[in-house]
Amino acid sequence: MEYNFREIEPKWRKIWADEKTFKAEENSAKPKYYVLDMFPYPSGAGLHVGHPLGYIASDIYARYKRLQGFNVLHPMGYDSFGLPAEQYAIQTGQHPAITTAENVERYRDQLDKIGFSFDWDREVRTSSPEYYKWTQWIFKQLFDCYYDNTTNKAERISKLIAEFEENGNAKVNACSDCETLFTAAEWNAFNEKEQDTILQAYRLTFLADSWVNWCPALGTVLANDEIVNGVSERGGHPVEQKLMRQWSMRIKAYAERLLTGLDGLDWTESIKDIQRNWIGKSVGSSIQFKVDGQFELTTQGGNIENDIYIEVFTTRPDTIFGVSFMVLAPEHDLVDQITTPEFTTQIADYKKSASLKSARDREADVKNISGQNTGAFAIHPFTGEKIQIWIGDYVLVSYGTGAVMSVPCGDQRDYDFAKHFGIEIKNIFENVDVSEAAHTEKAGTIANSGFLNGLEVKAAMKKAIEAIEAKGIGTGKTNYRLRDAVFSRQRYWGEPFPVFYKDGLPHLVEDKFLPITLPEVDKYLPTEDGAPPLARAEKSAWNHFEGDHMEFNTMPGWAGSSWYFLRYMDPKNESEFVNRKKADYWKQVDLYIGGSEHATGHLLYARFWTKFLYDQGFIGFDEPFQKMINQGMILGRSSFVFRVNNENKFVSNSLKSQYNVTPLHTDISLVDNDKLDIEAFKNSREEFKNAEFICEENGDYICGSEIEKMSKSKYNVQTPDELVEKFGADTLRMYEMFLGPLEQFKPWDTKGINGVHNFLRKLWRLFHDADGNVSLSTDEPSKDALKTLHRTIKKLTDDLDRFSFNTGVSNFMICVNELTEQKCNNKAILTDLVVLLSPYAPHISEELWEKLGHKKGTISYAHFPQFDESLLVEANHAYPISFNGKMRLKIELPMSLSSKEVEEAVLANADAQKWLEGNAPKKVIVVPGKIVNIVM
RNA sequence: GCGGAUAUGGUGAAAUUGGUAGACAUGCUAGACUUAGGAUCUAGUGCCGUGAGGCGUGUGGGUUCGAGUCCCUCUAUCCGCACCA
């Protein structure tokens, strides 16, 4: 019988599904292992060959771990809320739930064909009410907590309220946007609205007016990580800044823990660096500069104060004596108050022109130096000198305090600004020339700096901070670039908030009413007055309605994906998001596989929520993904035809330079090895029916090609389905692994797929005689066969342990080539071989396992063969003999010889003598069992 | 500008601790066989050279008996961040 994968593969997939072969249970004596893939968004386009790459790798690993005796959790689900289903709904009126269900079904169908060992009983979908009930519940927990910087964890807001009632907020050390101080008496006197506003400034998820990235084309706000190069990640639409009342997540509270937690994770340095960069910690100090003059101001408490202080953040307090001016962001609150009358017009003009520039223009405009003097002066806290105050758009209102102390000798931007406006540049570095450029290195000796003179930078920093603190004008401080994450989206197809409003104040819906399900609406568009789609819902359309109205926003895409790995542990629990005992059993994800594009989105948010849930005692670990591997993208290879401009004529690749042509993407299914199937091309579209072709000399039309991302619009999508149909799932699995290292980006190319397919046929032949009947020997295995097998066991184990799946495939090929050479049909040898192979090619392995006499049961829980080193011991070694490092010949010598004996034997050898040309060697290096090098 | 990654035959790639560079596969060349099959088998295939031999892992240097691997320099490509004070 031939290797008939079309029969074998569906047979085993049915058995696995019927028998629930891969069901994971908590009550097991085996050690646990959790292998997780980043779950997909089920798009309408279906899977292309790039999607399964990571899934295949994780499946191989999961199957390997099962064979090693682990209790493996290997689930799959769908991140099923998202924009495309909603946009389809807007266009067609079809409910996104229907589109999503159809897409999920298609995905499932495609995934099933590849033979994954998922426990489908644990499937989750973020868009199902049973799931998002708990997303809403976690939101409620966040709302009910604040971050205490003293206990360094999230605490209940009730604890904070008790403290306010008792002592006000003077002693509270929390992560908060609240800038005012109040006493207990004041707190108790505040009305409900005032209290709510203050509490919002502490809650871990909170409602606030904040500057958000508004995308008019999509009609929604976007998170920073959803914007790429100033335009929306989806669709590439422009984005502008807008002040809106929005839910946010106080992820800032976790900045330090998100940073230090990275050290213990087994992730690539590059992903860790991206997160470190995104968190952007800088250590320095805040310093208050008094503005010269008297001002009439009224502070919140009603007291009159006459002094204005400008607070700056600096990472270089040691350069305080180098300050020769200050710059405020144009949007800084104090600008108008301090501007002197003669500069009012200029300042107003500058502010206006700065506000007209979009964030993108401002970025593009980096080279142009602009700014405006306010006419005001600040008093240097140590020298008492008067220093000019400017505004300039190189200072960002959103970072630090929106104001900087400018030290032109130590900062290049300050230097350029000073040069441009003719401001004094003081040099405070010993033996450093600052006539051409600033001295930006954090090294050297400080001079012209009063009490800091003669100190090294590091010591000077310490002393400067001490002096600043002693003077009461500032303090050592750490700043983070990480911003709080906007959590509201003006969309339909997302989780509704468990929130209603009464008298303008937000209230949480009680747990017993959860989930708040998505209400039906007549259209999936914003209302005429710009409210989100949910505002269209009738009161009766809500499954629970309270107060004046429900929250109209929905949660962003990353809400559901921030905790889904926990739900797999206990997917059907109706009373908890996950049972603590089950979470304690499965613990962290041991191996997480997915793309690196989620570095600043999903991976950061999931870490944040995990830490929060840990703080609140719901789970016992505070990092979700212990080890992560980021698979590289598989790129498509697009084909082009070249249309002669203004004619229905196409010219072949090598002749195109003789014409004015426009390249057109052509469907890769019409092209084989760059050769266009002209007839099929003509029939593909009406307009090509009568097209003419200018071909190569041999009559072929050759297409051009380019490596690009796979996408429908580029007609370069290769689906896994076609390949499974042609070659089988086992071939596809092995071929995707054989393409190259998992982490690498690589273009898709089917050139080598025959090689892998032939390998499986060759394996099949080892079990069968010339007539196709199973023919196995039960004799003692030969020495050679044992050697081949055990070498393979060793290499395969090493390959799997370091996730080198491509070399694993090569090693199987080498093994089967050798066994074929040896004409080995030994049952014992082949039994171990199929077990080894089963993670990579499970279908054929199950079939051969059955042929080996295992009438019942599956290979999935067999024992991974043990490597026996003694079988590989060789009596002799063919020593490569190098002369001055160049390998010239090999001499076979017994392994038992000592270095000295090897040296003697080599020097006595006639061939070696020839290379020595009669000279005595200067030196002979012998590495026993490895190599000999003769230095002449 | 800052940070990270990568660079090896016609092609995808291998070489885990410094020790035979190019395994495995593909492509190509020549041949065999045939049930004409994306089959199987044999031989060859880094470059230059008829040959002996020489040269070869992006560039230039260094350490070493020995470097794809370690150190320094430069270049190219890709990714992330970016007036972050």
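Every chain is numbered from 1, with letters handed out A, B, ... down the list of sequences. From a predicted model like this one, the values you see are computed outputs, not experimental measurements.
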Once you apply a heavy-atom cut-off of 4.0 Å, does [X] come out as touching a base, just sugar-phosphate, or nothing?
{"X": "A/Phe738", "result": "base"}
{"X": "A/Arg276", "result": "nothing"}
{"X": "A/Ser882", "result": "nothing"}
{"X": "A/Lys890", "result": "base"}
{"X": "A/Asn933", "result": "base"}

What is the distance from [atom1] of [X] to [atom2] of [N], rounded to the nearest Å?
{"X": "A/Lys886", "N": "B/rG53", "atom1": "NZ", "atom2": "C1'", "result": "12 Å"}
{"X": "A/Leu760", "N": "B/rG38", "atom1": "CG", "atom2": "C1'", "result": "15 Å"}
{"X": "A/Ile925", "N": "B/rC65", "atom1": "CD1", "atom2": "P", "result": "7 Å"}

Counting only Watson-Crick pairs (N1-N3 plus N6-O4 or O6-N4) and G-U wobbles (N1-O2, O6-N3), all under 3.5 Å, who is the partner of [N]?
{"N": "B/rG12", "value": "B/rC24"}
{"N": "B/rG49", "value": "none"}
{"N": "B/rU34", "value": "none"}

Kindly label the base of B/rG9 as syn or anti, based on whether its glycosidic torsion lies within 90° of 0.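 It is syn.
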
